[in-house]
Visitor: 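The structure is given below, and queries will be raised subsequently.
Chain A is the first sequence line, chain B the second, and so forth, proteins listed ahead of strands; every chain is numbered from 1. Basis for what follows: all heavy atoms, side chains included, without hydrogens, waters or symmetry-related copies.
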Amino acid sequence: MSTRQTPDSKPSDFIRDIIEQDLKTNKTTGLPGNGRVVTRFPPEPNGYLHIGHAKSICLNFGIAEENEKGTCHLRFDDTNPVKEEQEYIDAIKKDIAWLGFDWGKHEYYASDYFEKLYEYAEELIKNGRAYVCHLDMEEIRNYRGTLTKPGKDSPYRHRSIEENLNLFERMRLGEFKDGHCVLRAKIDMSSGNLNMRDPVLYRILHATHHRTGNKWCIYPMYDFTHCLSDSIEGITHSICTLEFEDHRPLYDWILDELKVDCHPQQIEFARLNLSYTVMSKRKLLELVEGGYVTGWDDPRMPTIAGLRRRGYTKEAIRDFCKHIGVAKSNSVVDIALLEHCLREDLNLRAQRVMAVLRPLRVIIDNYPENQVEELEAENNPEDKGMGCRKIPFSKVLYIEQEDFREDPPKGFFRLTPGGEVRLKHAYYIKCERVVKDEQTGKVVELHCTYDANTRGGWSQDGRKIKGTLHWISAAQAIKAEVRLYNHLFVKPNPEEDDDFKANLNPNSLVKLTSCLVEPGLANALPGNHYQFLRHGYFCVDPDSTKELLVFNRTVSLHDTWAKIEKSDK
RNA sequence: UGGGGAGUUGUCUAAUGGUAGGACGGCAGACUCUGGAUCUGUUGGUCAAGGUUCGAAUCCUUGCUCCCCAGCCA
């Protein structure tokens, strides 16, 4: 485990260290939570949650769970009506709940605080710490200066408190058009921290808000809203990502200038980056809107909804979040670690089943014509408790095309002309004759013989059989569509080029439409997990119908042979 | 040329002045009715240079590199 673990296996990191220390020194005693830890997860409902959010969710909800009577609030940071939608709120709640976290009654919306926030803004004006500014957007930018040059004071900076109060009220009343003026904090136009150069607190936006409708035409900015929302809710530790480090002085400034009884501590950590994918909501939105994927829940997306549809389990995702740790340095986690956590979980719970993805017809010449045997197959060698099932065996079977080579390379121990292999749970078979298409030369059918004394896959003479193949009895097979997914991008860092979309993997989805699966899968339900023997983990996609089963490949099994073949080339 | 952060193996992450450890990946082997799983071994690291110290990843100095910030987005 890469994360620090205490003896009882509680996660540990620099944030938990700080909190533990704060609890020990009674830093949270006077706060509304009265000594208890209160964290929050504050998504903006302008997109779907992704695996990076899962890191934050596990952190915030995890800390609340680990501490006696700790709570974690779910707060929607909904201060920008033009980008936010109810659909996103619903999806976000579903995803958090699916991950197994419970915010209980603590579901809040920044928009619920608009009235209170307005009063705080008035208080700031009365204290001479905020003013209404009539500079337009471009002028504000020019007055702000640059990274290296200080800004200039706005000519509106010294309006009287009365005038500011009056103007601010008229802003609220809707007397001005969008962008006509803004409310700004009066801090320091020469600060090295641009966030402190009289940041905008309120802007005019005649837009319908998904919750408050047309009640407001001015909306508070993030910096003003977030610290005060935290304060109102009695948050003790406000955990956010690194890019907000520069905002902390402003967070603290606002709370210091106002009479509040709770001043939470903002702590920043590094957001998650994963190789072979992108994580910014803007870019994910671009993929969705540009039709590069089928939607937010496309199984190739790093969204929680996408991962869920792909077949990821919440246990795997939470285990992954435990493995990656929490620190302050920018990093890119290898997607192989996510896949490792997935396999580890699915290996223990997924029922084994046989599926032939690219069928090659096999006829057992010495097997009785109309006989069908029911053979016993274990459901999971990792968990005997999962029991066994019966699978039919008959004269005509299908095996995987890639499991036969007429001219085998060195080290190939699957089926070859004259060679013998074991059919899993069934019999040893020997390839006697290869039938090819006269035109193309392609192998279309194999004639084999079976050894009747090897029923179940054992031989009394102790004969060593190295290759074991999966197979399907033709008559009872069910046709299925199987969707094979690969990394969404061809480069570990798709963002290294100007247009990340140029690095999209053309083979991120391969649809196989003539696959065959065991008859027992007839009643498989969407979301069910299976291991297709020797292939990988698969789950039933919601696109499945009674007529056609559709499976998603969640993740492949480690393929040592493929690795050997590749390295030989 | 401003402000804020961060540098430990291929990747992520520990070590809080006292043996640089773990996980993933890679490699090798054992085992195996999944070339799966499991097990074992192995590889490889403190950004650099000075200094303090019996002892430095950790403290000090000087550099270097990378990330973030100039939305009326969050």
Visitor: Under 4.0 Å, counting only non-hydrogen atoms across every strand here, what does Ile465(A) touch: a base, just sugar-phosphate, or nothing?
Guide: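 The answer is nothing, as Ile465(A) stays clear of every strand by at least 4.0 Å.
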Visitor: Could you pull out the closest heavy-atom pair between Lys328(A) and Leu242(A), with the gap in Å?
Guide: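 Shortest heavy-atom separation between Lys328(A) and Leu242(A) comes out as O-CD2, 3.2 Å.
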Visitor: Quick one: is rA74(B) close enough that its OP1 or OP2 comes under 4.0 Å of any side-chain N or O from Thr79(A)?
Guide: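 Yes, within the criterion.
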Visitor: In the structure shown, which nucleotide is the Watson-Crick or G-U wobble counterpart of rG36(B), with both distances under 3.5 Å?
Guide: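 For rG36(B), the partner nucleotide comes out as none, under the 3.5 Å rule.
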Visitor: Let me know the distance between CG of Leu469(A) and C1' of rG36(B), rounded to the nearest Å.
Guide: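 It works out to 14 Å between those atoms.
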Visitor: Determine the contact category for Val82(A): base if any of its heavy atoms lies under 4.0 Å from a base atom, sugar-phosphate if only primed atoms, P, OP1 or OP2 are that close, otherwise nothing.
Guide: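 No contact.
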Visitor: Cation over ring, Arg352(A) on Tyr530(A), under 6.0 Å and within 45°?
Guide: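 No; the conditions do not both hold, so Arg352(A) does not lie above the ring face of Tyr530(A).
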Visitor: In whole angstrom, give me the gap between the P atoms of rG25(B) and rG17(B).
Guide: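 Straight-line distance between the two P atoms is 34 Å.
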Visitor: Roughly how many Å is it from CD1 in Ile51(A) to C1' in rC12(B), rounded to a whole number?
Guide: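 Distance, rounded to whole Å: 14 Å.
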Visitor: What's the CD1-C1' distance between Ile92(A) and rA74(B), to the nearest Å?
Guide: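 Between C1' of rA74(B) and CD1 of Ile92(A): 12 Å.
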Visitor: Does rG36(B) have its OP1 or OP2 closer than 4.0 Å to a side-chain nitrogen or oxygen of Thr560(A)?
Guide: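 It does, given that an N or O in the side chain of Thr560(A) lies less than 4.0 Å from OP1 or OP2 of rG36(B).
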Visitor: In whole Å, I'd like the distance from the OH atom of Tyr202(A) to the P atom of rC73(B).
Guide: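 Checked: the OH to P distance equals 14 Å.
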Visitor: Contact class for Leu201(A) vs. all strands (heavy atom < 4.0 Å): base, sugar-phosphate, or nothing?
Guide: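 Result for Leu201(A) = nothing.
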Visitor: May I ask you to verify if any side-chain N or O of Lys281(A) is less than 4.0 angstrom from the OP1 or OP2 atom of rC73(B)?
Guide: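 For rC73(B), neither OP1 nor OP2 has a side-chain N or O of Lys281(A) closer than 4.0 Å.
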Visitor: To the nearest Å, give me how far apart CG (Asp319(A)) and C1' (rC12(B)) are.
Guide: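 Rounding to the nearest Å, CG of Asp319(A) and C1' of rC12(B) are 14 Å apart.
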Visitor: Under 4.0 Å between a side-chain N/O of Lys563(A) and OP1 or OP2 of rG26(B), yes or no?
Guide: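 Checking Lys563(A) against rG26(B): at least one side-chain N or O falls below 4.0 Å of OP1 or OP2.
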Visitor: Under a 3.5 Å cut-off for both distances, is rA23(B) Watson-Crick or wobble paired, and to whom?
Guide: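 Check on rA23(B): paired to rU11(B), both distances under 3.5 Å.
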Visitor: Of the options rC12(B), rC68(B), rC73(B), whose atoms approach the side-chain atoms of Asp246(A) most closely?
Guide: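 Per side-chain heavy atoms of Asp246(A), the pick is rC68(B).
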Visitor: Quick check against the 3.5 Å criterion: does Ser275(A) have a side-chain atom that pairs as donor or acceptor with the backbone of Pro492(A)?
Guide: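 Between the backbone of Pro492(A) and the side chain of Ser275(A) there is no qualifying donor-acceptor contact (under 3.5 Å).
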Visitor: Students often get this wrong, so: under 4.0 angstrom with heavy atoms, is His535(A) touching a base, only sugar-phosphate, or nothing?
Guide: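 Nothing, no heavy atom under 4.0 Å.
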Visitor: Of the listed nucleotides (rC69(B), rG3(B), rU34(B)), which one gets closest to any side-chain atom of Asn193(A)?
Guide: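 The answer is rG3(B).
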Visitor: So Thr146(A), base contact, sugar-phosphate only, or nothing? Heavy-atom distance under 4.0 Å.
Guide: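 Base contact.
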Visitor: Given the C1' atoms of rG44(B) and rC39(B), what is the spacing between them in whole Å?
Guide: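 It works out to 22 Å between them.
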Visitor: NA contact type, Met196(A), heavy-atom cut-off 4.0 Å: base, sugar-phosphate, or nothing?
Guide: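 If one applies the 4.0 Å heavy-atom cut-off, Met196(A) turns out to touch nothing in the nucleic acid.
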Visitor: With the threshold set at 4.0 Å, does a side-chain nitrogen-carboxylate oxygen contact exist between Lys83(A) and Glu44(A)?
Guide: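 Judged by the 4.0 Å cut-off on N to carboxylate O distance, Lys83(A) and Glu44(A) do not form a salt bridge.
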Visitor: Give the ring-plane orientation class for Phe538(A) versus Phe532(A), where under 30° counts as parallel, over 60° as perpendicular and anything between as tilted.
Guide: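 Ring orientation, 0 to 90° scale: parallel.
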Visitor: Please pick, from rU34(B), rU1(B), rA74(B), the nucleotide with the shortest atom-to-atom distance to any side-chain atom of Met221(A).
Guide: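 Selected nucleotide (nearest to the side chain): rA74(B).
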Visitor: Does OP1 or OP2 of rG71(B) have a side-chain N or O of Arg203(A) closer than 4.0 Å?
Guide: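 Answer is no, no contact under 4.0 Å.
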Visitor: Hey, does the Lys NZ or Arg CZ of Arg172(A) hover above the aromatic six-ring of Tyr118(A), less than 6.0 Å from the centre and inside 45° of the axis?
Guide: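 Flagged: Arg172(A) positioned over aromatic ring of Tyr118(A).
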Visitor: Which comes earlier along RNA chain B counting from the 5' end, the contact point of Pro42(A) or that of Gly145(A), where each point is its nearest nucleotide?
Guide: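 Nearer the 5' end of the strand: Gly145(A).
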Visitor: With C1' as the reference atom in both, quote the distance from rG18(B) to rA6(B) in angstrom, rounded to an integer.
Guide: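 The answer is 27 Å between these two C1' atoms.
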Visitor: Please determine if Arg534(A) and Asp559(A) form a salt bridge, counting it only when a charged side-chain N lies under 4.0 Å from a carboxylate O.
Guide: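 No.
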Visitor: Atom CZ of Arg144(A) to atom C1' of rA70(B): distance rounded to whole Å?
Guide: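 These atoms are roughly 6 Å apart.
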Visitor: Remember a base hit wins even if backbone is also touched, and classify Arg248(A) as base, sugar-phosphate or nothing at under 4.0 Å, heavy atoms.
Guide: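 No contact at all - Arg248(A) keeps every heavy atom at 4.0 Å or more from the nucleic acid.
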Visitor: Please state the C1' separation for the pair rG4(B) and rG45(B) - nearest whole angstrom.
Guide: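 rG4(B) and rG45(B) have their C1' atoms separated by 28 Å.
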Visitor: Separation of Lys149(A) atom NZ from rG2(B) atom P, in whole Å?
Guide: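 Result: 13 Å.
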Visitor: Expressed in whole Å, how much space separates the P atoms belonging to rG10(B) and rA48(B)?
Guide: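 Per the computed distance, 13 Å lies between those P atoms.
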Visitor: Distance between the C1' atoms of rG3(B) and rG22(B), in whole angstroms?
Guide: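 So the two C1' atoms sit 37 Å from each other.
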Visitor: Categorize Lys328(A) for me: base, sugar-phosphate, or nothing, with a 4.0 angstrom heavy-atom threshold over every strand shown.
Guide: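 If one applies the 4.0 Å heavy-atom cut-off, Lys328(A) turns out to touch the sugar-phosphate alone, with no base involved.
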Visitor: Is the closest basic N to carboxylate O distance between Glu382(A) and Arg349(A) below 4.0 Å?
Guide: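 No salt bridge links Glu382(A) with Arg349(A).
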Visitor: Taking rU11(B) as the reference, what is the distance to rU19(B) when you measure between their P atoms (whole Å, please)?
Guide: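 Looking at atom P only, rU19(B) and rU11(B) are 25 Å apart.
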Visitor: Using the glycosidic torsion, which applies to rG71(B): syn (within 90° of 0) or anti (everything else)?
Guide: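 In terms of base orientation relative to the sugar, rG71(B) is syn.
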Visitor: Does a nitrogen or oxygen in the side chain of Ser329(A) sit under 4.0 Å from OP1 or OP2 of rC66(B)?
Guide: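 Checking rC66(B) against Ser329(A), no side-chain N or O comes under 4.0 Å of OP1 or OP2.
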Visitor: Is Lys466(A) touching bases, backbone alone, or none of the nucleic acid, heavy atoms closer than 4.0 Å?
Guide: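 No contact.
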Visitor: Between Ser191(A) and rG3(B), is there a side-chain N or O to OP1/OP2 distance below 4.0 Å?
Guide: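 No.
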Visitor: Once you apply a heavy-atom cut-off of 4.0 Å, does Asp178(A) come out as touching a base, just sugar-phosphate, or nothing?
Guide: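 Counting heavy atoms under 4.0 Å across all strands, no contact is made by Asp178(A).
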Visitor: Under 4.0 angstrom, heavy atoms only, what part of the nucleic acid is Val200(A) near: base, sugar-phosphate, or nothing?
Guide: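 Sugar-phosphate only.
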Visitor: RNA chain B: His247(A) or Gly192(A), which has the more 5' nearest nucleotide?
Guide: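 Counting from the 5' end, the first nearest nucleotide belongs to Gly192(A).
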Visitor: Just call it for Arg141(A): base, sugar-phosphate, or nothing, with non-hydrogen atoms closer than 4.0 Å on any strand.
Guide: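 Counting heavy atoms under 4.0 Å across all strands, the contact made by Arg141(A) is with sugar-phosphate only.
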Visitor: Quick one: sort the His487(A) and Tyr276(A) rings into parallel, tilted or perpendicular, breaks at 30° and 60°.
Guide: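 Judged by the thresholds at 30° and 60°, the geometry between His487(A) and Tyr276(A) is parallel.
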Visitor: Name the pairing partner of rU16(B), where a pair is Watson-Crick or G-U wobble with both distances under 3.5 Å, or state none.
Guide: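 Its partner: none found.
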Visitor: Would you indicate, yes or no, if rG36(B) has its OP1 or OP2 atom less than 4.0 angstrom from a side-chain nitrogen or oxygen of His558(A)?
Guide: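 So the side-chain polar atoms of His558(A) never come under 4.0 Å of the phosphate oxygens OP1 or OP2 of rG36(B).
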Visitor: Base, sugar-phosphate, or nothing: which does Arg352(A) touch, judged by heavy atoms less than 4.0 Å apart?
Guide: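 Arg352(A): base contact, heavy atoms under 4.0 Å.
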Visitor: For rC66(B), what is the paired nucleotide under Watson-Crick or G-U wobble rules, both distances under 3.5 Å?
Guide: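 rG5(B) - that is the nucleotide pairing with rC66(B), both distances being under 3.5 Å.
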Visitor: Contact class for Tyr427(A) vs. all strands (heavy atom < 4.0 Å): base, sugar-phosphate, or nothing?
Guide: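 No contact.
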Visitor: Just how far, in rounded Å, is P of rG3(B) from OH of Tyr251(A)?
Guide: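 Those two atoms, OH and P, are 25 Å apart.
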Visitor: Searching all strands shown, indicate the nucleotide that pairs with rU53(B) (Watson-Crick or G-U wobble; both distances under 3.5 Å).
Guide: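 Paired with no nucleotide.
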Visitor: Both distances below 3.5 Å, Watson-Crick or wobble geometry, any strand: find the nucleotide opposite rU58(B).
Guide: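 Here rU58(B) is not engaged in any pair, so there is no nucleotide opposite it.
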Visitor: Between rU38(B) and rC54(B), how far apart are the P atoms? Round to whole Å, please.
Guide: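 Those two atoms are separated by 50 Å.
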Visitor: Which base, if any, makes a Watson-Crick or G-U wobble pair with rG45(B), both distances under 3.5 Å?
Guide: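 No nucleotide pairs with rG45(B).
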Visitor: Go ahead and name the base partner of rC72(B); Watson-Crick or wobble counts if both distances stay under 3.5 Å, otherwise write none.
Guide: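 Partner of rC72(B): none found under 3.5 Å.
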Visitor: Verify the contact: side-chain N or O of Arg343(A) to OP1 or OP2 of rA37(B), cut-off strictly under 4.0 Å; return yes or no.
Guide: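 Arg343(A) to rA37(B) OP1/OP2: no side-chain N or O under 4.0 Å.
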Visitor: Scan side-chain atoms only and decide if Glu400(A) and His470(A) contain a donor-acceptor pair under the 3.5 Å cut-off.
Guide: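 Judged by distance alone, the side chains do pair up.
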